[in-house]
Chemist: 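Attaching a single structure in structure tokens format; questions to follow.
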Amino acid sequence: MSTRREGPYMLFHKTKTIIIVGASRFGVGLAGRLSGRSTRIVMIDLSEESFRKLPGEFVGDQVLGDGTDAELLKQAGISQAQVFVAAMGDDNENLLAAQIASRIFHVPEVFLRLNDKSKEKLIQGYNMKPICPFVLSADEFDRLTEKVYEEVSAL
């Protein structure tokens, strides 16, 4: 099942195609942020219920199915994709989907969510970039509290 809602921007601008596999909080949030930015967003998920989490202003395609299925990815337009994001809840599924996008379909930019940072070594040397929420959260905490540490050490 695929639903398409297009905004008027698609008629006048060259669009970048971004495929997001997994309607997790991260996937849905990313789709919402990117929607309407002269991009064609394709959201793929196994659960039709998951698409209800998309924001009301989401403009893009919703494809019901397995984001690790090469045939489904072809139908979703992976051959035109410039960016692929594996955003499912399971690291192993994300690793598989990202490898399919990168190594079989040669998508130029491939990102995958990894909860287990130690799995980064599995993608070293390939055109895949990990997004590790825990690391990003810790880095943001360090950034936000850096000034506090500087003030304390100056005393």
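Start at 1 with the first residue, then count along the sequence. The basis for the numbers below is simple: all heavy atoms, side chains too, and nothing from hydrogens, waters or symmetry mates. Not measured: the values here are computed from a predicted model.
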Chemist: Given Val42 and Ile18, is the side-chain contact (heavy atoms from CB on, under 4.5 Å) satisfied, shown in steps?
Modeler: CA-CA 6 Å; Val42 179; Ile18 301 173; over 6 Å; no
Chemist: Applying side-chain contact (heavy atoms from CB on, under 4.5 Å) to Phe84 and Ile20, what does each step give before you reach the verdict?
Modeler: CA-CA 6 Å; Phe84 182 93; Ile20 302 171; over 6 Å; no
Chemist: Calculate, to the nearest 0.5 Å, the distance between atoms CG and CE belonging to Asp45 and Met43 respectively.
Modeler: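 Asp45 CG to Met43 CE: 7.5 Å, rounded to 0.5 Å.
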Chemist: Indicate yes or no: at least one non-hydrogen side-chain atom of Cys132 is less than 4.5 angstrom from one of Asn115.
Modeler: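 Side-chain contact under 4.5 Å: no.
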Chemist: Atom CD1 in Ile19, atom CZ in Phe105: separation rounded to 0.5 Å?
Modeler: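 Result: 9.0 Å between the selected atoms.
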Chemist: Given side chain to side chain donor-acceptor pair (under 3.5 Å), test Thr68 with Asp66 step by step and report yes or no.
Modeler: CA-CA 5 Å; Thr68 62; Asp66 183 352; 2.7 Å; yes
Chemist: Taking side-chain contact (heavy atoms from CB on, under 4.5 Å) as the criterion, tell me which of Lys53, Glu48, Arg52 meets it with Ser50.
Modeler: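 With Ser50 as partner, side-chain contact (heavy atoms from CB on, under 4.5 Å) holds for just one option, Lys53.
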Chemist: Can you tell if the side chain of Ile78 reaches within under 4.5 Å of the side chain of Ile104, non-hydrogen atoms only?
Modeler: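 Result no, sub-4.5 Å side-chain heavy-atom pair not found.
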Chemist: Any idea which heavy atoms bring Ala97 and Ala86 closest together, and the distance?
Modeler: CB-CB, 4.2 Å
Chemist: So, taking the atom named CG in Asn127 and the one named OG in Ser102, what distance separates them when rounded to the nearest 0.5 Å?
Modeler: 4.5 Å
Chemist: Once rounded to the nearest 0.5 Å, what's the spacing between atom NZ of Lys119 and atom CG of Asn94?
Modeler: 9.5 Å
Chemist: Quick check: is Leu46 connected to Leu73 through a chain of hydrophobic side chains (ILVMFWY, heavy atoms under 4.5 Å apart)?
Modeler: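 They do not share one cluster, since no chain of ILVMFWY contacts under 4.5 Å joins Leu73 to Leu46.
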Chemist: Specify the closest pair of heavy atoms between Pro130 and Leu114, including all atoms of both residues, with the distance to one decimal.
Modeler: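 Taking Pro130 first and Leu114 second, the nearest heavy atoms are CB-CD1, 3.9 Å.
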Chemist: Starting at NZ of Lys74, measure out to CG of Asp69 and round the result to the nearest 0.5 Å.
Modeler: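 Those atoms lie 9.5 Å apart.
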Chemist: Applying side-chain hydrogen bond (donor to acceptor under 3.5 Å, both in side chains), name anything that partners Asp116, two or more places apart in sequence or on another chain.
Modeler: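 Partners of Asp116 under the side-chain hydrogen bond (donor to acceptor under 3.5 Å, both in side chains) test: Ser118.
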Chemist: Rounded to the nearest 0.5 Å, what separates atom CD1 in Ile41 from atom CD in Gln62?
Modeler: 12.0 Å
Chemist: With heavy-atom distances below 4.5 Å as the criterion, would you say the side chains of Met88 and Arg113 are in contact?
Modeler: no
Chemist: Which heavy atom of Leu112 sits nearest a heavy atom of Met128, and at what distance?
Modeler: CD2-CB, 3.9 Å
Chemist: Kindly indicate, with the supporting measurements, whether the criterion side-chain contact (heavy atoms from CB on, under 4.5 Å) is fulfilled by Val21 and Val85.
Modeler: CA-CA 6 Å; Val21 175; Val85 181; over 6 Å; no
Chemist: If I compare all heavy atoms of Ala87 with all of Gly27, which pair ends up nearest, and what's the gap?
Modeler: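 Closest approach of Ala87 to Gly27: CB-CA, 3.8 Å.
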Chemist: Quick one: are Ser35 and Leu54 in side-chain contact, heavy atoms under 4.5 Å?
Modeler: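 No, their side chains stay 4.5 Å or more apart.
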Chemist: Short question: side chain of Gln82, backbone of Gln80 - any donor-acceptor pair under 3.5 Å?
Modeler: yes
Chemist: Before giving the answer on side-chain contact (heavy atoms from CB on, under 4.5 Å), spell out for Tyr126 and Arg103 the whole-Å C-alpha distance, their side-chain angles and the decisive distance to 0.1 Å.
Modeler: CA-CA 8 Å; Tyr126 295 104; Arg103 296 172 76 186; 3.5 Å; yes
Chemist: Check whether any side-chain N or O of Thr39 sits under 3.5 Å from a backbone N or O of Leu34 as a donor-acceptor pair, and report yes or no.
Modeler: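 Yes, because the side chain of Thr39 sits within donor-acceptor range (under 3.5 Å) of the backbone of Leu34.
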